[in-house]
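Okay, structure first, notes after.
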Amino acid sequence: MKRFLILMFTSVMIFSLTSCNFATKTYKIELIVKGSSMEFWKNLSKGAQSAALTNHAEIQMDGPEEEKDPADQLRYIEKAIQEKPDAIILAASDYNRMVKPVENAVNAGIPVIMVDSDVNSKKTLAYVGTDNIMLGSKLAQSLESRVKTGGKVAVISFVQDSYPAVQREKGFRDTMARYSRFQLLKTQYGGSDNAISEKLTAALLKSEPDLVAIAALNEPSAAGAAQALSKSGRKNVRVFAVDCMPTEAMYMEQGVVDIALLQNPYQMGYYSVETAVKALNGQRVEDVYTDIYTVDKSNLFDKLYQQLIFPFSN
Amino acid sequence: MKDRRSIGEKRTRTSIRLGRKFRWNSLQVVLSIVMLGLSLTAVMVISQLIYSHASATINYSVSQNNIQIVSDVAKSIDSYIDEMESISDTITNLLAKEPVENLNRSTVVFLRDDIETIAVFDETQNAVFCTDSRTLRDDIDLTRQSWFTGVIAQHSNYLISVPHVQRLFWGDYPWVITLTRGVTWKQGGVVHNGVVMVDMNFNRIRDLCTRDLENHGYLYIMGTDGSIIYHPMQQMIYAGIQPKEFQATSHLRDGSSQVTNDGQKLSVAVKTLSGASWKVIGVSTLQGLDAYGNGLKNYIMTAVFLLSLALFCASIVVSRGIVSPLRQLVFLMGRISGNGEDICAPEKGVFEIRTLSASFNRMVRRIRQLMNQVKEEQEQLRRSELKALYSQINPHFLYNTLDSVVWLAQSGDQKNVVHMVMALAKFFRMSLSGGRESITVEEELQQVENYLIIQQLRFYNTFTYEISCEDEIKRAITPKLVLQPLVENAIVHGLGTLGESGVITVKAQKRDNMLLFEVRDNGCGIPPEKLEHILETSPKSRNGFGLKNVHERIRLGCGPEYGLTLESEPDEGTTVWVKLPLQFPEAQKEVES
C-alpha cells in the first residue's frame, strides 16, 4: 500500500513537472548606434532585426540622428540604462569618452556588446564588427597596387576620436609606410558629413597639385571627396574608399572612385544580436570580425555587393 | 469500586488519544491521499489532453491560414505579372501595326507608379522607344545583361529576371524585376528583331509579399534556379547569412507540409506561380497554444493549482465525513469493554456508516439487555437456591429436633422439653424474620445460640459452646443463616466422635473494616486433601454442601472478595472464618435509595 502511494505520488509529480515546460524568454536588447539616419546604421539595424526574429529577442534601435557630436550618445546610453534592457549593443561614438557610461551600464547589471566601434574598456563582453586595422591596411595595399606612380596621398577621416577612424588610419598609415613612393598628408576630419568632406577635399585639390590619391575612411568622406574631385575635373587623382552608397557608386562607374572596401553592416547587426543572446543564455562569447569586400567598377553590380551598396528604398 | 472506575476512565482516554493521533495507515490519510492522487492525475491528464488538442487545432488553423495567404499572394503576383505581360503584348501589337514613331503618343496609358521604365531596344541595343524622358546612359553594354541577351533569339517568350539594380540612367539605381520579350517590327522596309522591356519596381512585389503569417511567420519567393526573388531577410541572404530554415523549406512541393528544423516545428505552404514558375513559400512556426504567450499557460497552471488545492480540501473533508463516524464507533467500541455505561453512536454519515452505527447501537442495547437478564437470572437463581437451602435445612432439622423432643418427653424431662421447644420456636421465628434476607449480627448470633441449645439438648450436653460479639458490630447487617450451617457442620463432622470435651466457639468481630465471624471446633479436623476441595463448586460432591452453599451465597451477594476461609488441623480442630462487608442498617438504606 505504501509503495503504491509513493509510486502514485512520484508519477503525479513527474507529470506535473513535465507539463510545465515554459516557453523560452524573449530578450529585450537596446541597440544604440552613432547616426540613426545614416544608411549604414539602418542596414546594421536590419541585420539586428533579422537576428532578433530567429533568436527570440526584441530590438529597439536608438541613438543620435547624426554622428557629428560624440557627446550626443551619452544621454541615449543613460536612457537605456534607465529602461533596464537585458543587454545593450553599442557602437561607441568615442573610444574614451564612452568608457564611463558603458561601465555604468555594466555595473547596473546590463551586459554590453560593442558593435562596429569599440570602447576603451575591458568590461564589455565582445566586439562585433570589422577589423579596422586590417581594413586600413587593405586600403593601403589596393592603393599601392593600383596607383603605379608616386605622389602625395590625402587621408579624409571622419571623427577624430572615433575608434574605427583611429584604427583604420593606423592600419592605413602603417602599411603605407612600407611604400616609399607615397607621401601621406595630414589627416583631415570631415565629421561624417558629405559637404564638409567635399569642402576639405576641394581645398586639398587646390593646395596639393601632386596629389595622386585620396583615402576616404568612411562613406560620407568618400562621397564628399568624389564629389569635389568630380567637380574639379582632375583625372590624375583617384579616390580609395571605405564603404559605398549609390552616390559613390555612380562616381565609381564614372571612374572617380577607384575601389571601395565594403563592410557588412547586416552581418554586424546580425552577429551582435546573436552574440548578445548567446551571452544572455550563459554561453561563452568571443569577438566576431565581419567580412570585408573589395568592390570596383567591374563587380559593382554583383549580386552580393549590389545589396550592400544599393539598399532597398522603403 | 472507586478504583475500578478510575481504571475504566483511563482506558477511555487512551482510546481517544489513539483515535486522534496522526497515523499514516489510518483510513482518513489513505482515503485522502488516494482521492487526491487520483483526482490530481485526472486533472493533469485532462488538462494535458485539452492542451494538446487545442494546440493541434491551433496548429491546423495556422497551416490553413498559411496556405490561404500563400495562395492569395501567388494569385496577386500572378495577376500582376499578367498585367506586365499584357503591357508588353500591347506594345508588341502596336509595333506590328503602327510605325515606331507613333508609339510615343500611346505610352501615356502605360505610365504607372509601379513601372519604372518601359523601353524597346533593337538588335543593335539602340533604344527606339522609352517611357522615361531622361537620356539613357550610353556606356551600358546590354549584351552583358541577361534580360537582354536571354530573349533576343527566342522572340515572343517572356523572360522575367531576378530582382536586380537597374542602371539605365546616371545616378539612378532602382531595384527592379525586368520582364522582356522578343518583338519584331518593320521600319522603313527593314525588319528589326528587338526586345520589349518592362521594369517593374521591386518594391511593388515586396509590398505584395509583405504579409505577416501567424507566429512571426513570413513568406518568400524562390526562382527556378533556387535563387531568391524575395525574402524578408533578402539583404541578409545576400550578405551571406542564410536563415536556418531555408535549407529545410526550399525543396518542398506545392501544398502544405510540416518540417522540423532546429527543434522547431514549421508549417510550410508552397504555391508555384503559373506564369513565372516562381515558388511562393510561406513559413510559420507551429507553437500550438504557446503562440498565445505564457499568459495562457500560466492561466492553466494556476487553474490546475487552484483545482488541486480545492481537491485537497475536498478530499480531507470527504474522508473525514466518512471516517469520523467510524472513528467514533471505534472509540465507543473501546468503551464497551470498560463498563456498562449508556453508549449510543450517532447515526449519521453515509448509508453504510449509518447502518453500521445502527447495528452497533442495536448490539449495545442487546448486550445491555442480556447483561440485565443475566443479572436478574442470577438473582433469581440465588433466591431459589436460598429457598432451597432453607427448605433443605428445615424439614431435616425439624424432624431430628422433634425426634429429640419426643425422646425427652418420653424420658419425662419436662424442663428440657420446654427449653428445647422454646428454642425451636425462637429458631424458626427468626428463620422467617419477616421475609428479610438480612438480619443483624446480634440476631444471627441468637439464632445460632438457639440452634446450639437445641443441639446441645439433643446430644445430651456432650459439648459446650461459647458465643462472643464485639459491641460495635452488634447492629451490623449480615445475611441470615450464615453461621447455622457452619455450626451444624462443626457439630456433625467435627465433634461427632468426641466426648464431653468438645467446644464450639462462635465469634463476631470487626477486622480491617470487615465483619468477620469465626466458628471454631476442637474436633477431628478435616483431612488436607478434602480441605482443598471443600469450597469448590462441584455438583456431585455431597460433602460440605452446607459450607459451599454459604460460601457461594456470600460471594454472589457481596462480591468475590468475601466468603469463607477454612483452616484445619487433623485431631486439633477446624476454624471457619466468614468474611462479610461491614454494613449497618442506615448505610444499607442509603445505598438502596
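All chains are named by letter (A, B, ...) in the order of the sequence lines, taking the proteins before the strands, and each is independently numbered beginning at 1. What's counted below: heavy atoms across the whole structure, side chains too, no hydrogens, waters or symmetry copies. Bear in mind that the values here come from a model prediction, so they are computed numbers and not experimental data.
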Check against side-chain contact (heavy atoms from CB on, under 4.5 Å), B/V45 and B/T41: CA-CA 6 Å; B/V45 166; B/T41 316; 4.3 Å; yes
Between [Y] and [X], is there a side-chain donor-acceptor contact under 3.5 Å, judged purely by atom types and distance?
X	Y	answer
B/S315	B/S32	no
A/N132	A/T130	no
A/S117	A/K34	yes

Cation-pi, B/Y80 ring and B/R204 (6.0 angstrom, 45 degrees): yes
Geometric cation-pi criterion B/R206 and B/Y230, 6.0 Å radius, 45° cone: no
Contact class of A/Y305 relative to chain B, heavy atoms under 4.5 angstrom: neither
For chain B, which residues of residues 262-286 of chain A have heavy atoms nearer than 4.5 angstrom: A/N264, A/Y266, A/Q267, A/Y270, A/Y271
B/P232, part contacting chain A, at a heavy-atom distance under 4.5 Å: neither
Check: B/Y173 ring centroid to A/F310 ring centroid under 6.0 Å: yes
